[in-house]
Amino acid sequence: MPGSIRLFVTAQLAAGVEIAATAGQAHYLGTVMRRTVGETVGLFNGRDGEWAARLVTLRRGEASFVVDCILRPQAAEPDVWLIFALLKRDATDLVIQKATELGVAALWPVLTARTNAQRVNLARFHAIAIEAAEQSERLAVPVIHEPRPLSALLQAWPAGRRLFAAAERASAPPIVPTTEPAALLVGPEGGFTPAELDAVRGHPLVTLVSLGPRILRAETAAIAGLARLQGAGWG
Ligand code: SAH
């Protein structure tokens, strides 16, 4: 159903199941999109594929669906994570939206020496990711982790996942596509400190990579790096 409304739900999806919409979804369907009872929308939950569902109630702040038939089975998505130093609010929002469109499985905000520690609203991050997943026809929403120090993340890094660390001015080889479990690390606006770069470089699963001769803003580096990591297998 190209262009039709797709909504993320947490409930199990199976034929005949009735699902209540959130208040936000009810507002979106009724007030923003002017849908009416009897119309069909797509639902996905990250586990059961995408299903056609009929809108069976729609009142102020309230809506529900009855699940009809499956449209697309759940399919594997790129096994790539984005590790990014927290940026200012608008730039962070952009990174979450674009990384979701580009298919990341997980987003890990990190704190570095040149990151201004700040309070983050994970619920807001999650809402941005849900909207981007709905819009980009993904079947899953990335996991968004609590921010943590870069050093802690490196210490707990899982075996079997390469970490491509984007480093400007480091004469690193260009980033190349992969189909293996991978992660991209992007630093803050002020860049990594020399000590951080040494710690990153010294990690056995890290490969320093270049994104070209120009110095990109962190949000551009995240988007460009993810696009270039995408191999044929992630198509
Ligand atoms: N202020 C720093 C630049 C930081 S750019 C300076 O002037 O040197 C923010 C982040 O984007 C960097 O930490 C790095 O992870 C990434 N980045 C930007 N341009 C890059 C490039 N050409 N190659 C690799 N990484 C890059």
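Model, not experiment: these values are computed from the prediction. One-based numbering, in listed order, for ligands and for the atoms of each. Excluded from the calculations below are hydrogen atoms, water molecules and symmetry mates; all remaining heavy atoms, backbone and side chain alike, are included.
Counting atoms of ligand 1 from 1 in the listed order, those under 4.0 Å from a heavy atom of V186 are 11 (O), 15 (O). Which parts of ligand 1 touch I215 is read off a 4.0 Å heavy-atom cut-off, strictly below it: atoms 3 (C), 19 (N).
Taking the ring axis of F44 as reference, the NZ or CZ atom of R138 does not stay both within 45° of it and closer than 6.0 Å to the ring centre.
Only the backbone of R214 comes within 4.0 Å of ligand 1, counting heavy atoms alone; no side-chain atom from C-beta on gets that close. Neither the backbone nor the side chain of A165 has a heavy atom within less than 4.0 Å of ligand 1. With a 4.0 Å cut-off on non-hydrogen atoms, A166 touches ligand 1 through its backbone as well as its side chain. With a 4.0 Å heavy-atom cut-off, ligand 1 is reached by the backbone of V209 but not by any atom from C-beta on.
Distances shorter than 4.0 angstrom do not occur between any heavy atom of G225 and any atom of ligand 1.
The hydrophobic cluster containing L185 does not contain L107, counting ILVMFWY residues as joined when their side-chain heavy atoms lie under 4.5 angstrom apart, directly or transitively.
Counting only residues at least two apart or in different chains, ring-ring contact (aromatic ring centres under 6.0 Å, His included) contacts with residues 126-156 comprise W108-H145.
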* Derivation of the salt bridge (Lys or Arg N to Asp or Glu O under 4.0 Å) call for R6 and E50 -> CA-CA 9 Å; R6 305 176 72 244; E50 180 168 348; 3.0 Å; yes
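Looking only at atom types and distance, the side chain of T100 has no donor-acceptor partner in the side chain of Q97 under 3.5 Å away. In this structure, a donor-acceptor pair under 3.5 Å is present between the side chains of T207 and R162.
The option with the heavy atom closest to atom 12 (C) of ligand 1, from among E168, R114, E219, is E168.
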